[in-house]
Amino acid sequence: MAKQLTPRKENYSQWYNDLVIKADLAENSAVRGSMVVKPHGYAIWEKMQSILDSMFKETGHQNAYFPLFIPKSFFSKEASHVEGFAKECAVVTHYRLKNGENGEIVVDEDAKLEEELIVRPTSETIIWDTYRKWVQSYRDLPILVNQWANVVRWEMRTRLFLRTAEFLWQEGHTAHETEAEAIEEAERMIGVYGEFAEKWLALPVMTGLKSPNERFAGAIETYCIEAMMQDGKALQAGTSHFLGQNFAKAFDVKFVSKENTQEYVWATSWGVSTRLVGALIMAHSDDNGLVLPPKIAPIQVVIVPIFKNQEQLNAISEVAEKIVNDLKAKGISVKFDDRDTQKPGFKFAEWEMKGVPVRLAIGPRDIENGTVEVARRDTLEKESLQLTGLSDKIEHLLDQIQDNIYQKALSFRDEHTYNADTWDEFCKYIENGGFVYAHWDGTAETEQKIKEKTKATIRLIPMGDKFEDGKCILTGNPSKQRVVFAKSY
RNA sequence: CGGGGUAUGGCCCAGUCCGGUUAAGGCGCCUGCUUUGGGAGCAGGAGACCGCAAGUUCGAAUCUUGCUACCCCGACCA
């Protein structure tokens with residue numbers, strides 16, 4: 001079994017800390033908790049972006065862009081929203097620097113802004129202020145808009161990928177004529193996230209509702225997908241919120257209905273972030289580095305030539321180029337690593353660290369025999385294959401790897417998912433790490449007490465038909481449904 | 001904001017208690033030769049005013065004082 005991959009410094013392997021991402025923190029506290037996403041890490045994010053973006057468009061959404069800076073006054077309009085974010089906002093107070101007395105650069109106190117600007121922690125406020133101007137009639141609805149952006153949350157403690165001060169994400173913000181339509185939208189989008197996680201990231205997720213404690217600031221209902229990492233902890237991988245009319249009322253977004261009455265619009269918002277890259281890493285990696293599901297891997301196949309001299313390389317290149325063309329024709333992304341500055345063994349290790357799903361090695365021996373050595377990243381198995389029909393086999397192999405990675409994560413999750421009916425059982429399961437289905441009396445106080453005693457929180461309340469009478473694990477009060485508890489990131 | 005810890009070449013770090021030649025080692029980097037089917041070997045080389053500021057001293061990485069930054073644990077959180 002892979003070692004525990006918690007994002008703590010003592011567990012950072014080279015691949016995590018240096019190859020995929022580097023937290024090049026400046027000496028200065030201003031970039032505390034920010035991250036530098038290096039090219040390979042960013043390529044993974046770009047791939048996620050392009051897939052999600054097309055899924056959004058298939059469900060009728062369009063992209064737009066709203067400002068980075070939000071006037072402070074916008075935040076006073078929705079009470080619970082500001083309460084949720086006020087403690088972690090970066091605030092712009094001045095717009096100019098000047099030379100100080102010792103040749104230092106100092107803030108020019110004369111250049112103080114009349115109204116401070118908030119660097120967006122999320123864009124609800126500025127978007128709803130804008131939507132007010134866009135909506136007059138039911139004919140203007142729905143508004144189905146998504147934004148790809150960076151946001152800043154001045155967290156007291158940061159963790160690489162999982163909780164950085166600045167992160168990249170997408171945030172969808174929709175406005176609807178009816179409550180039912182908005183709820184349908186929120187549920188549709190959590191479904192999109194779930195499908196994306198399972199089919200593309202090979203990441204099994206549970207879908208459900210957040211308890212009131214864990215709900216998004218300003219939301220009526222928060223839907224979420226939760227994934228299990230290799231240490232048994234839960235990671236919230238995406239959320240979708242039904243916002244009711246809270247923001248419409250706060251920002252006065254009204255429309256004239258078919259019946260000629262003034263109505264407030266119904267809203268949703270939904271988002272996923274670069275945290276998904278962290279999820280991918282922590283769910284699938286092993287001691288040799290990343291294990292990328294083929295569908296999300298920026299490079300799916302790498303070809304490493306083994307040669308002693310230029311003539312050998314030339315002969316190998318000829319074969320390799322044909323393979324490259326065949327694979328590209330099938331839409332498979334492939335890299336021929338013909339660097340002469342590194343040895344083959346080094347390249348094997350390096351591409352494994354980067355998680356490339358399939359590696360082909362071609363040496364003089366293969367040239368003679370008309371073969372290549374095929375190595376798969378997920379199982380580290382190697383076999384020698386004939387050149388004829390190779391690209392079909394690789395195409396098939398990529399599918400197999402995708403499926404195997406998913407199945408492995410799924411059985412891991414199943415093996416670490418329990419039903420608990422007594423408090424002792426509950427504590428034991430939580431202690432060992434994993435998801436625990438248990439009865440809860442539905443009160444915030446009980447949830448809080450359980451958190452204090454065990455560090456476990458309610459990750460989600462399952463939706464649908466899994467109702468069952470029982471007694472709360474802590475208080476013994478009646479409960480109609482089991483909820484999922486786990487320790488989380 | 002509470003509690004604990006750390007700061008020495010690009011990276012990991014020894015040395016600090018008990019002050020004393022040129023600040024040690026490993027990784028990485030550069031050059032040459034030999035190598036190349038799982039992270040090469042040997043030889044040579046470059047690279048550090050020891051976090052910042054003051055103080056004590058003939059002499060400070062080491063002792064004193066102040067400051068700053070970062071890390072870990074908690075509250076907060078995608």
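Below, chains carry the letters A, B, ... as their sequence lines are ordered, and counting in each starts from 1.
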task = Between Pro364(A) and Gln448(A), name the one whose nearest nucleotide on RNA chain B is closer to the 5' end.
result = Pro364(A)
ask   = Under 4.0 angstrom, heavy atoms only, what part of the nucleic acid is Gly363(A) near: base, sugar-phosphate, or nothing?
value = base
query = Between Met48(A) (CE) and A78(B) (P), how many Å, whole number?
reply = 19 Å
inquiry  = Parallel, tilted or perpendicular: which one describes the rings of Phe75(A) and His81(A), with boundaries at 30° and 60°?
reply    = parallel
Any side-chain donor near an acceptor of the partner, Ser269(A) and Glu124(A), under 3.5 Å = yes
key: Distance, P atom - from C17(B) to U62(B), rounded to whole angstrom   = 9 Å
Distance-only polar pair, side chains of Thr371(A) and Gln386(A), donor-acceptor under 3.5 Å = no
ask   = Do the side chains of Arg188(A) and Thr59(A) get nearer than 4.5 Å, heavy atoms only?
value = yes
request  = Provide, to the nearest angstrom, the distance between the CH2 atom belonging to Trp154(A) and the P atom belonging to C1(B).
outcome  = 14 Å
inquiry  = Taking only the C1' atom of each, what is the distance from A14(B) to U36(B) in whole angstrom?
reply    = 36 Å
note = Out of A78(B), G38(B), C76(B), minimum distance to the side chain of Lys451(A) belongs to C76(B)
ask   = Which word best sums up how the rings of Trp266(A) and Phe242(A) line up, parallel for under 30°, tilted for 30 to 60°, or perpendicular for over 60°?
value = parallel
message = Rounded to whole Å, please give me the gap between NZ in Lys347(A) and P in G38(B).
response = 14 Å
ask   = Roughly how many Å is it from CZ in Phe348(A) to C1' in G37(B), rounded to a whole number?
value = 6 Å
inquiry  = If only side-chain N and O atoms count, and only distance matters, is there a donor-acceptor pair under 3.5 Å linking Ser384(A) with Glu373(A)?
reply    = no
task = Please state whether the rings of Trp169(A) and Phe167(A) are parallel, tilted or perpendicular, taking 30° and 60° as the class boundaries.
result = perpendicular
note = Separation of A78(B) atom P from Lys210(A) atom NZ, nearest Å, is 9 Å
query = Say you pick atom C1' in A61(B) and the same atom in G15(B); how far apart are they, in whole Å?
reply = 8 Å
key: Minimum-distance nucleotide (side-chain atoms of Arg275(A) versus G38(B), A78(B), U36(B))   = A78(B)
key: Distance between P atoms of C12(B) and C71(B) (Å, rounded)   = 13 Å
inquiry  = Is the positively charged end of Lys77(A) above the ring of Phe74(A), judged by distance under 6.0 angstrom from the centroid and angle within 45° of the axis?
reply    = yes
request  = Verify whether one side chain among Asn404(A) and Gln400(A) offers a donor that lies under 3.5 Å from an acceptor in the other.
outcome  = no
message = Taking A23(B) as the reference, what is the distance to C13(B) when you measure between their C1' atoms (whole Å, please)?
response = 13 Å
remark   = Per the 3.5 Å Watson-Crick/G-U criterion and a run length of at least three, the stems involving RNA chain B are B:1-7 with B:68-74, B:10-12 with B:25-27, B:29-34 with B:40-45, B:51-55 with B:63-67
Identify each atom pair where a protein N or O and an N or O of nucleotides 27-33 of chain B are less than 3.5 Å apart, giving names and distance.
none

ask   = Taking the P atom of each, how far is A78(B) from G39(B), in whole Å?
value = 46 Å
key: Residue mapping more 5' on RNA chain B - nearest nucleotide basis, Gly84(A) or Ile367(A)   = Ile367(A)
inquiry  = Measure CD/Glu381(A) against C1'/G38(B) and give the value in whole Å, please.
reply    = 17 Å
key: Whole angstrom value for the distance that separates P of A78(B) from CE of Met282(A)   = 15 Å
inquiry  = Closest approach to the side chain of Glu350(A), judged atom by atom: which nucleotide of U36(B), A78(B), G39(B) is it?
reply    = G39(B)
ask   = Quick one: His81(A) NE2 to C77(B) P, roughly how many Å, whole number?
value = 13 Å
ask   = Looking for any heavy atom pair under 4.0 Å, which part of the strands does Thr239(A) touch: base, sugar-phosphate only, or nothing?
value = nothing
inquiry  = Can you say whether a donor on the side chain of Lys308(A) sits under 3.5 Å from an acceptor on the base of G37(B), or the other way round?
reply    = no
message = Hydrogens and angles aside, do Gln236(A) and Lys210(A) bring a side-chain donor and acceptor to less than 3.5 Å of each other?
response = yes
request  = Between G28(B) and C49(B), how far apart are the C1' atoms? Round to whole Å, please.
outcome  = 24 Å
query = Glu88(A) side chain: which of C76(B), G37(B), G38(B) is closest?
reply = C76(B)
ask   = With a distance cut-off below 6.0 Å to the six-membered ring centre and an angular limit of 45° from the axis, does Arg359(A) pair with Phe348(A) as a cation-pi contact?
value = yes
ask   = Between U36(B), G74(B), C77(B), which nucleotide gets closest to the side-chain atoms of Arg153(A)?
value = C77(B)
inquiry  = Between A46(B) and U31(B), how far apart are the two P atoms, rounded to whole Å?
reply    = 15 Å
inquiry  = Going by centres under 5.5 angstrom and planes under 30 degrees, do the aromatic ring of Phe167(A) and the base ring of A78(B) stack?
reply    = yes
